Amino acid sequence: MGKSNKKPYDERTDDEKLLSNWKKAVGLFEREDWSASIMRVATSSEIASNIYVRHYLQERHGLPGDFVNSLLKSANGMAGKLRQLITPAAKSLGKWDEIKSIQQKIDSINTHRNEVAHAGKFKNRKDARVVVEHAIEVIGILAPNVKEQVACQAEKLTSKSSRRKKTRG
């Protein structure tokens with residue numbers, strides 16, 4: 001597992017990219033860097049949306065990777081990917097109800113991320129926890145291959161930081 005950290009980021013699979021961003025988010029949360037943690041959690045969620053779209057377009061429909069990459073870039077952010085790519089894919093698969101169930105969570109993650117990235121807001125523990133909880137659900141649906149690893153690290157994250165905070169008194 002340690003070897004995957006040595007692999008250049010651009011050579012990693014989407015699953016590996018998501019997990020490395022999630023690991024970084026966990027570390028930032030543990031260091032109480034709430035705003036930076038939110039940014040990495042949002043990045044992980046966006047990579048999960050890439051995984052969902054890639055699976056649909058490349059694996060199910062055989063479209064070329066370069067074409068799919070251009071669509072993902074032009075969709076611009078999680079909200080754009082949800083509206084332009086994920087929603088039509090989910091509807092065609094008959095899975096819209098599942099995606100619709102996480103739509104508000106995606107909006108929440110995106111709102112918190114944009115408040116940090118575009119308005120320079122500082123976030124607190126409560127905000128970071130909400131974003132983490134929403135992201136666990138979003139990633140679980142959009143990127144089921146990494147669902148267990150993400151949930152396991154998040155459980156560790158919240159329990160460790162809760163104990164650390166209480167111990168500091």
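Just so it is clear, the structure is predicted and the values come from calculations on it, not from any experiment.
- The side chain to side chain contact (heavy atoms under 4.5 Å, CB included) check on Asn124 picks up Lys126, Asp127, with sequence neighbours excluded.
- Each salt bridge (Lys or Arg N to Asp or Glu O under 4.0 Å) pair with one or both residues in residues 57-80, not counting sequence neighbours, would appear here, but there are none.
- Ala75 approaches Leu85 most closely through the heavy-atom pair CB-CD1, 3.7 Å.
- Looking at every heavy atom in both residues, Ala48 comes nearest to Ala143 through CB-CB, 4.0 Å.
- In this structure, Arg12 contributes its side chain and Lys7 its backbone to a donor-acceptor pair below 3.5 Å.
- Closest of all the heavy-atom pairs between Ile99 and Ala90 is CG1-CB, 3.4 Å.
- Among residues two or more places apart in sequence or in another chain, the salt bridge (charged side-chain N to carboxylate O under 4.0 Å, His left out) test is passed with Lys105 by Glu137.
- Applying the side-chain hydrogen bond (donor to acceptor under 3.5 Å, both in side chains) definition to pairs two or more places apart or across chains, those involving residues 38-53 are Asn21-Arg40, Glu46-Lys81, Asn50-Lys81.
- Atom NZ of Lys24 is separated from atom CG of Asp33 by 9.5 Å, given to the nearest 0.5 angstrom.
- Scored by the side chain to side chain contact (heavy atoms under 4.5 Å, CB included) test, Asn76 finds no partners at all (sequence neighbours excluded).
- Residues passing the side chain to side chain contact (heavy atoms under 4.5 Å, CB included) test with Asp15, sequence neighbours excluded: Thr13, Ile51, Asn145, Val146.
- Side-chain contact check for Arg113 versus Val131: every heavy-atom pair is 4.5 Å or farther apart.
- Gln104 meets the side chain to side chain contact (heavy atoms under 4.5 Å, CB included) test with no other residue; sequence neighbours excluded.
- Residue pairs meeting the ring pair (Phe, Tyr, Trp, His ring centres under 6.0 Å) criterion with at least one partner in residues 111-147, sequence neighbours excluded, are absent.
- Taking CZ of Arg125 as the start and CZ of Phe29 as the end, the distance is 5.5 Å to the nearest 0.5 Å.
- Taking every heavy atom of both residues into account, Lys147 and Gly140 meet most closely at CG-CA, 3.8 Å.
- Applying the side-chain hydrogen bond (donor to acceptor under 3.5 Å, both in side chains) definition to pairs two or more places apart or across chains, those involving residues 84-96 are Tyr56-Ser92.
- Residues that satisfy the side chain to side chain donor-acceptor pair (under 3.5 Å) test with Gln103, not counting sequence neighbours, are absent from this structure.
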